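Some notes on the structure that comes next.
Computation of the quantities below employed the complete heavy-atom set of this structure, encompassing side-chain atoms and omitting hydrogens, waters and symmetry-equivalent molecules. Small disclaimer: the values here were computed from a predicted structure and weren't measured. Residue numbering restarts at 1 for every chain, and letters A, B, ... go by the order of the sequence lines.
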Amino acid sequence: MGLTSTQTIIVLKEIGKTIEDNKTLLTELDGAIGDGDHGINMNKGFAAVTKKLDNMESEDIGDIFKTVGMTLVVNVGGASGPLYGTAFMKAAAVVSGKQEIDINDFIKIMDEAIQGIKMRGKAVPGDKTMLDALEPAYNALICAVKEKLTTVDALEKVKEAAFEGAKYTKKIAAKKGRASYLGDRSIGHQDPGATSSYLIINTIYETVKKLKD
Amino acid sequence: MGLTSTQTIIVLKEIGKTIEDNKTLLTELDGAIGDGDHGINMNKGFAAVTKKLDNMESEDIGDIFKTVGMTLVVNVGGASGPLYGTAFMKAAAVVSGKQEIDINDFIKIMDEAIQGIKMRGKAVPGDKTMLDALEPAYNALICAVKEKLTTVDALEKVKEAAFEGAKYTKKIAAKKGRASYLGDRSIGHQDPGATSSYLIINTIYETVKKLKD
Amino acid sequence: MKKVINKPESVVSEMLAGMVAAHPEYFKKLENFNVIVRKDAPVLGKVALVSGGGSGHEPSHGGFVGKGMLDAAVAGEVFTSPTPDQVFEAIKAVASDAGVLLIIKNYTGDVMNFEMAQELAQADGIKVDSIVVNDDVAVENSTYTVGRRGIAGTVFVHKIAGAKAEAKGSLSEIKAVAEKVIANTASMGIALTPCIVPAAGKANFTLGEDEMEIGMGIHGEPGTHRDKIKSADEITEHLLTKILGDKPLQPNEEVAVMINGLGATPLMELYVVNSKVNEILQEKGIKVYKTFVGNYMTSLEMAGCSVSILKLDEELKSLLIATADTPAFKAL
Amino acid sequence: MKKVINKPESVVSEMLAGMVAAHPEYFKKLENFNVIVRKDAPVLGKVALVSGGGSGHEPSHGGFVGKGMLDAAVAGEVFTSPTPDQVFEAIKAVASDAGVLLIIKNYTGDVMNFEMAQELAQADGIKVDSIVVNDDVAVENSTYTVGRRGIAGTVFVHKIAGAKAEAKGSLSEIKAVAEKVIANTASMGIALTPCIVPAAGKANFTLGEDEMEIGMGIHGEPGTHRDKIKSADEITEHLLTKILGDKPLQPNEEVAVMINGLGATPLMELYVVNSKVNEILQEKGIKVYKTFVGNYMTSLEMAGCSVSILKLDEELKSLLIATADTPAFKAL
Ligand SMILES: Nc1ncnc2c1ncn2[C@@H]1O[C@H](COP(=O)(O)OP(=O)(O)O)[C@@H](O)[C@H]1O
Ligand SMILES: Nc1ncnc2c1ncn2[C@@H]1O[C@H](COP(=O)(O)OP(=O)(O)O)[C@@H](O)[C@H]1O
Ligand SMILES: [Mg+2]
Ligand SMILES: [Mg+2]
Ligand SMILES: [Mg+2]
Ligand SMILES: [Mg+2]
């Protein structure tokens, strides 16, 4: 894979753009089964992140992730702030000091991120949360690397899994988060957090793909 | 004219019916320039009056009017309650003890009623109130009796004058009552109280006409 | 019409039943009359304050019955002033040797019905006087018209006259201080939506998504004129300009401020308005002694608010903050 | 969207500015943080109570900051729980030697953000404990889910824990009595209209003229299910059946009742509901010790209400009526 700090920052800023472009989508998904602010929350957070990332090129990726995590925690609020924030902060630990990361670092990053989200939110896959996009994505990553796919092909499998996972949340009732208050009424609606997780992973794929050719 | 207590009660009950039939009209007129309850108020009052009038045939017309006045005061509230109530109570005085009234009594009745309304409400014709229907009606009555018209013909002139007076309230801005808060915004709308006054007078005409043939 | 009610005909009596059930420590209801009376009435040696009007203004007026404010509140049908017999019963229930003061909002109906009750009480040998509140500066004052309405500023009259009465002031003293409050109070309001009288079942007027009514009364009637919706700051500036234009204030003068919600406007918005009111008064060097923000004089579920400014002197200040204990207005 | 605001981005800060401008005798705002802090904080020897959550629930929570209730309230964006740094600042501002108790409503976001703040404070050597309120019986309680929401019943926790803290109870004593209140409180609400988050500009859901949502939260989300509008009596019966089904009461047991308005529902309707609540409880021989009717925990301009029942014992009774002096909750 081989992503430098500068490239990592490019990816993170692209994620910011994606979130901004999908602000309304995420807010509307949250409106159906939550309180209709997920897009607003996420956009607030990643806008702040994008600002913070200017002139961090010289920093190592661990510091970059820590900054991203802190910035999300301090700016987002709601459920998604602590969750995505914790994800990045935990991930920061496994890449601290690194100026460049490869696909194996990405495995550690996703593993730590998911651990962090589970630790904070006490949810499990099937609860209709972001985990339903992230966990299948992680599993796809493991296989892809076992199968020695190229970074870009591996990431493609990862984002496909995330997409399927997000779509799957339509079929289930929420057990965690606001949507859980709706019980079965939440069935038929795609989870906003799972969707933002997919969008983030897809942006990683798209951007790395561009950077690689 | 010659109206007995029994016939007076018939007339008063007819007035109750008219008010009931025009409840919505009066309420809508009041909605445009007031608080939208004139029809409700009047209907509440005259429904109570109609109940009270049962088995009062033996009473004299003074007592009947007093009862009507008291019943309106106690049941209507708002501006129209004290005004119509006072009108009937004052009128009661000039026919007390009478078992039958003629057109000359009717002059006294209207005169007292108007005095009462002016005393209570401190309004003058041109303020866009019930007086704008009642005062022209009274003047028409005076002329008609001077011209020695039959009771029915006289009452027809009276109700025509009341109708014109009520219509005229469309042209002027209110100076008394809730409509006055609207200032010139009240122009173009017919005054609900003037309208109910016309309806009452018209019902007197219609009913006496029926009773006479 | 979306309301949590049973039948329009019974809404007032059910509301009153719910009020006395909720606040028996403060007041009771007179049997067969829509009158809320202070629990310990009549209070010997204390002038009794009686107010009221149509229902639909809750917490006005029943919510202000208690120690330091009203002795009785008479509730008419929604937006329809109560009848003289009801007011008369209230007077009889609270009248003490010290007399009774009627606090009337300036509406033809209220004035006439309370006046008739006053006549009945006086004929009965009860010492009764009355004052008429007319704080709404949206309406031009003129000797040829009925004049201005009484709106939210009336609550200042209840509070201050109530404190004076609790302090065993005489009927004339209480009337005098109440008149002073009336002379020193100016209010004006706006609305973003109409409201629906239960018995009518529909609104008196309709407003476009981008329209507001300016110079609102509290009976669901239209305002003095209509305008496009403005920002909170622009609305507040407009209201204060009218209010201060009517009752000019000098730097260092002290005032009480009331930001009153008409029913459906959340506290969040009322506080936004207050932040601008405060800013403007500060610029003018006017000192805010006390601020009240909330639903004090409502118009059913109407969205909107009014601003009231009361110019204070030492007497009014001490009476304004004097202890009061009622369901809707407490001062420790 | 019809609101008296300036810009959605600035509504929370302008609201807070208006709050402190209105009530300087009660509290101040922490500079650069959306935190309302009791004027005399930190109060030595007294456990400090910190609550908060998303904005849009006014008077919750800032309106309850003052003597006998909260020491600090943290205001997030509308319906979005505040961030850990904000909560941490609140804790630092009020923390006394006696410690700090966080009163958290059970929402994933609130719980996680307050938890993180608690971790930060503990790392800082501050004695902090927390409790989570979950009084909404509309939501099934289950170990597999996040469980029930905290809604209007939270105000009982603020009042009673606040009184215990004012009486210089220890952190563990206060936590214990707060837990007791939580265990004894059940609430449930309905809504007749949705509400609009300023930043979103439109409602989360739409309701037909003849529809209502049952089992409402306080964040503009849909309820647990939808139904045709019923009469006030039927609605009240339904809510009480669910509440008493969850927390059964025996004859002669004493309770506190709260009829809470969600924002746009007039007091008139809340009192109509209370009259039915009272009737039902009376039939069951349950004694109503104290009733609160008004907008305590709102959801912007949503029309609707919730009913909360708190089972009382002697300790809870005395703490419930103990003196409190805050802008939105006073007890003399
Ligand atoms: N306990 C949890 N664990 C993991 N993710 C969660 C949890 N609770 C909620 N989420 C995610 O958070 C999303 C909602 O985020 P957001 O709307 O920003 O916060 P809030 O619900 O406080 O308004 C949900 O769609 C869900 O994916
Ligand atoms: N001072 C007054 N003198 C005579 N009539 C009046 C006066 N004030 C109001 N009215 C009449 O009363 C009518 C309104 O009656 P109503 O709607 O029942 O009472 P309210 O205005 O209290 O709701 C007006 O249309 C007007 O004709
Ligand atoms: Mg959300
Ligand atoms: Mg009217
Ligand atoms: Mg009326
Ligand atoms: Mg939220």
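- Only the side chain of C:N278 has a heavy atom closer than 4.5 Å to any heavy atom of chain D.
- Heavy atoms closer than 4.5 Å to chain D are found nowhere in C:A303, neither backbone nor side chain.
- D:M268 has its side chain out of reach of C:E301: every pair of non-hydrogen atoms, C-beta onward, lies at least 4.5 Å apart.
- Within the 4.5 angstrom heavy-atom criterion, only side-chain atoms of C:T323, from C-beta onward, approach chain D.
- Only the backbone of C:M1 comes within contact range of chain D, with heavy atoms under 4.5 Å apart.
- Using a 4.5 Å cut-off between heavy atoms, C:L16 makes no contact with chain D at all.
- Listed options C:K2, C:M15, C:E279 were ranked by heavy-atom pairs under 4.5 angstrom with chain D; first place goes to C:K2.
- Between C:Y271 and D:H23, the ring center distance clears the sub-6.0 Å criterion.
- In this structure, chain D has a heavy atom under 4.5 Å from the backbone of C:A324, while its side chain stays farther away.
- Both the backbone and the side chain of C:I5 have a heavy atom closer than 4.5 Å to some heavy atom of chain D.
- The closest side-chain heavy-atom distance from D:I229 to C:V4 is not below 4.5 Å.
- When all heavy atoms of C:V293 and D:A22 are compared, the closest pair comes out as CG2-CB, 3.9 Å.
- Contact check on D:K276 versus C:E14 returns no salt bridge, with no Lys/Arg side-chain nitrogen under 4.0 Å from an Asp/Glu carboxylate oxygen.
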